[in-house]
Structures are given as structure tokens and as C-alpha cells.
Student: 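Right, I'll just put the structure down here and ask away after.
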Amino acid sequence: MRFRPCIDLHEGRVKQIVGGSLREGRAPRTNFDAGRPPAYYADLYRRDGLPGGHVIMLGPGNEAAAAEALAAFPGGLQVGGGIDPANAAGWLDRGAAAVIATSFVFKGGRFRPEALRELSAAVGRERLVLDLSCAPLKDGRYVVAADRWQRLTDFEITRDGLAGLAEHCAEFLVHATQVEGLQEGVDERLVALLAEVSPLPTTYAGGVRSLADVDRIAELGGGRLDFTVGSALDLFGGSGVRYADLVERERR
């Protein structure tokens, strides 16, 4: 179980946003707006030996900021946001360890296996991560949410479904859409489900408010899931989790 740090970009700045509030034509609900550039955080992760984190471009206008972060930690960060076969290889050339895709693969409310195969062929399976942002249904099932988490798709999180995806990618990044950015605790059912059915390295994101929640992910996930911390982290203005404690945890 590893800590995977993040750099979320909105309008070219490092921010922490409540995920479901990101909508076209509206100002999102923002928990943190950094005064420091993306390279500051990327260099920090590099110096502290924390590879495998992700840079997420939340909407347009973030390309220069993402490139700055990648340049500060070459080969140490994954990048996502508007990734498609036309631009994916370019991000690898800029220093991304892998590209993270959602919208190109899940479009119009449906999973497009032909799009996944095309993207995987463009960059190679080992350089592709799928962002499976998960929304719960009333009957207890989880489906992937796309289009800024405003549209539920037809792809359900099951053992067989994830096994099919795993033929074309190397990792999953899973945001729990109902709790992302709220600092009200993790989605325990989703954590347990992912630990049970995911065949690939999987990073869970959403709801962490303290180190007790990190311990809960470890317990429910059997140590199989990696995790990230956003708004609760003191690095991003939070008070629930100290970045130094997570670094020390990694070193142990």
C-alpha cells in the first residue's frame, strides 16, 4: 500500500476542488487555491521519493502547468485530463510516466471498447491508466461516472468487467465521486469492492480526512490498494493529515 500524491490543476493553478461541483459555466466549489506553482509540488514529491502520483487537468487551460510539473519530476508522475490517441504520446514525450484516460473511453454514457484498444495501441498497455471514477447506485452497485462526473455510464464495476479492461491498461485510478473533496470519510463499500475484484494496481481517492481513514483503507483493502489524499492534506491547506506523516509512513 503506497501513498500516491496528486497535483490537481484548474485554470492553470494547483487547486483542490469538490469533484461533483465541476460543471460547465459554473465556478466550482474550491477547498484550496495554491499560491505555489505546480513545479513546487512535483519537486517536493521527487525529493521525498514518491513516484506514481498523478497530475490531473480539470478542464482546458492547464497544459502549460501540467508540462511544468512533469518537467520537475521526469518519469515520476502520471498525467490525465483530455487524453486521447492524438495527444497521449506527446505527454509521454514531456516526461509523463503514463497517461490517464476517462472521457475518450467512456463517452456519451457508454463504454467504448474500441476506443480503449485504440488508446492502448497508441501508447502501449504499460503506459496507460484508466480513471474509473465510481458512483453508487441505489441497489448498491457502482458504475463509472464520466463527463465531469455528471453522467453515469453503462460500465459496472465487477470482477469480469475490470478483467476485460486490464487487458489494455496497467493501473486503475478510482475516485469515489460521492465523497471526493468532502473530507467526510472514505467510501468503505467501494474500497472493499475494489480490493476484492481489481486485478491491477489500483489507487483509491476520495473522502480521506485523517490517518485513521488511511488505516481503514489498509484494513478494508487488505493492503492491496494505494491511496491519495487531497483536501485534508496540510500541503493543500487541510488540517486532518500531515504530509510529513505520510512521507514517514512510506519510508517505514
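When reading the values below, keep in mind they use all heavy atoms of this one structure, side chains included, and skip hydrogens, waters and symmetry mates.
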Student: Which pairs of donor and acceptor atoms, one on a side chain in residues 108-119, lie under 3.5 Å apart (sequence neighbours left out)?
Tutor:
from: R112; atom 1: NE; to: F104; atom 2: O; distance (Å): 3.3
from: R112; atom 1: NH2; to: F104; atom 2: O; distance (Å): 2.6

Student: If you apply the rule side chain to side chain donor-acceptor pair (under 3.5 Å), what do you find for D187 with Y142, and how did you get there?
Tutor: CA-CA 11 Å; D187 187 329; Y142 286 86; 2.8 Å; yes
Student: Can you tell me how far apart CG (D147) and OG1 (T102) are? Round to the nearest 0.5 Å.
Tutor: 10.0 Å
Student: By the salt bridge (charged side-chain N to carboxylate O under 4.0 Å, His left out) test, which pairs, at least two apart or in different chains, include something from residues 64-81?
Tutor: none
Student: So do the side chains of L92 and V123 get within less than 4.5 Å of each other, counting heavy atoms only?
Tutor: yes
Student: Please identify each residue that fulfils side-chain contact (heavy atoms from CB on, under 4.5 Å) with A205, with sequence neighbours left out.
Tutor: H175, E180, T228
Student: Drop me the distance from L233's CG to Y243's OH, to the nearest 0.5 angstrom.
Tutor: 8.5 Å
Student: Pair F172, L165 - check side chain to side chain contact (heavy atoms under 4.5 Å, CB included), show working.
Tutor: CA-CA 9 Å; F172 299 131; L165 298 181; 3.9 Å; yes
Student: Which residues pass the side-chain contact (heavy atoms from CB on, under 4.5 Å) test with R4, not counting sequence neighbours?
Tutor: R2, Q78, E171, T203, D226
Student: Less than 4.5 Å apart, side chain to side chain, heavy atoms only: is that true for L162 and I157?
Tutor: yes
Student: Going by salt bridge (charged side-chain N to carboxylate O under 4.0 Å, His left out), name the pairs with one or both residues in residues 243-252, residues two or more places apart or in two chains.
Tutor: D48-R251, D215-R249, R242-D245
Student: Measure the spacing between CG of L152 and OG of S133 and express it to the nearest 0.5 Å.
Tutor: 11.5 Å
Student: Side-chain contact test, heavy atoms from C-beta onward, threshold under 4.5 Å: evaluate it for L246 versus L211 and give yes or no.
Tutor: yes
Student: For residues I7 and A69, report the shortest heavy-atom separation together with the two atoms involved.
Tutor: CD1-CB, 4.1 Å
Student: May I have all residue pairs that pass salt bridge (charged side-chain N to carboxylate O under 4.0 Å, His left out) and include part of residues 75-102, sequence neighbours excluded?
Tutor: none
Student: Stepwise, does the side chain to side chain contact (heavy atoms under 4.5 Å, CB included) test hold for V143 with L137?
Tutor: CA-CA 7 Å; V143 296; L137 302 180; 3.8 Å; yes
Student: Filter on ring pair (Phe, Tyr, Trp, His ring centres under 6.0 Å), then keep only pairs touching residues 41-76, sequence neighbours left out; what's left?
Tutor: Y41-F236
Student: Do K15 and L9 touch side chain to side chain, with heavy atoms closer than 4.5 Å?
Tutor: no
Student: Does anything in residues 125-142 form a salt bridge (charged side-chain N to carboxylate O under 4.0 Å, His left out)? List the pairs, not counting sequence neighbours.
Tutor: D139-R141, R141-E156
Student: How about L130 and L173: do any of their side-chain heavy atoms sit closer than 4.5 Å?
Tutor: no
Student: Which pair of heavy atoms, one from A135 and one from A145, lies closest together, and at what distance?
Tutor: CB-CB, 4.2 Å
Student: Hey, are the side chains of F227 and V214 touching, using non-hydrogen atoms and a 4.5 Å cut-off?
Tutor: yes
Student: Can you name the residues that form a side chain to side chain donor-acceptor pair (under 3.5 Å) with R36, not counting sequence neighbours?
Tutor: none
Student: Do any N or O atoms from the side chain of N62 and from the backbone of I56 form a donor-acceptor pair under 3.5 angstrom?
Tutor: no
Student: What distance separates T177 OG1 from L132 CG, expressed to the nearest 0.5 Å?
Tutor: 12.0 Å
Student: Taking distance alone, no hydrogens or angles, what donor-acceptor pairs closer than 3.5 Å link side-chain atoms of residues 191-198 to residues at least two apart or in another chain?
Tutor:
from: S198; atom 1: OG; to: L200; atom 2: N; distance (Å): 3.4
from: S198; atom 1: OG; to: L200; atom 2: O; distance (Å): 3.1
from: S198; atom 1: OG; to: T202; atom 2: OG1; distance (Å): 2.6

Student: Please answer whether the main-chain N or O of F106 pairs with a side-chain N or O of T153 as donor and acceptor at a distance below 3.5 Å.
Tutor: no
Student: Please report the closest heavy-atom contact between G161 and F155, naming both atoms and the distance.
Tutor: O-CZ, 3.5 Å
Student: Could you grab the distance from atom CG of L128 to atom OG of S120, nearest 0.5 Å is fine?
Tutor: 5.5 Å
Student: Over all heavy atoms of both residues, which pair between I83 and A88 is shortest? Give the atoms and the distance, please.
Tutor: CG2-CB, 4.0 Å
Student: If you take all heavy atoms of G75 and A97, which pair is closest and at what distance?
Tutor: O-CB, 3.5 Å
Student: To the nearest 0.5 Å, what is the distance between SG on C6 and CG on L50?
Tutor: 11.5 Å
Student: List for me each residue that meets side-chain contact (heavy atoms from CB on, under 4.5 Å) alongside E167, sequence neighbours excluded, and say none if there are none.
Tutor: none
Student: Taking side-chain contact (heavy atoms from CB on, under 4.5 Å) as the test, write out the residues that go with D213, two or more places apart.
Tutor: V186, V208, R209, S210
Student: Looking only at heavy atoms, what is the nearest atom pair of M1 and A218, with distance?
Tutor: SD-CB, 3.3 Å
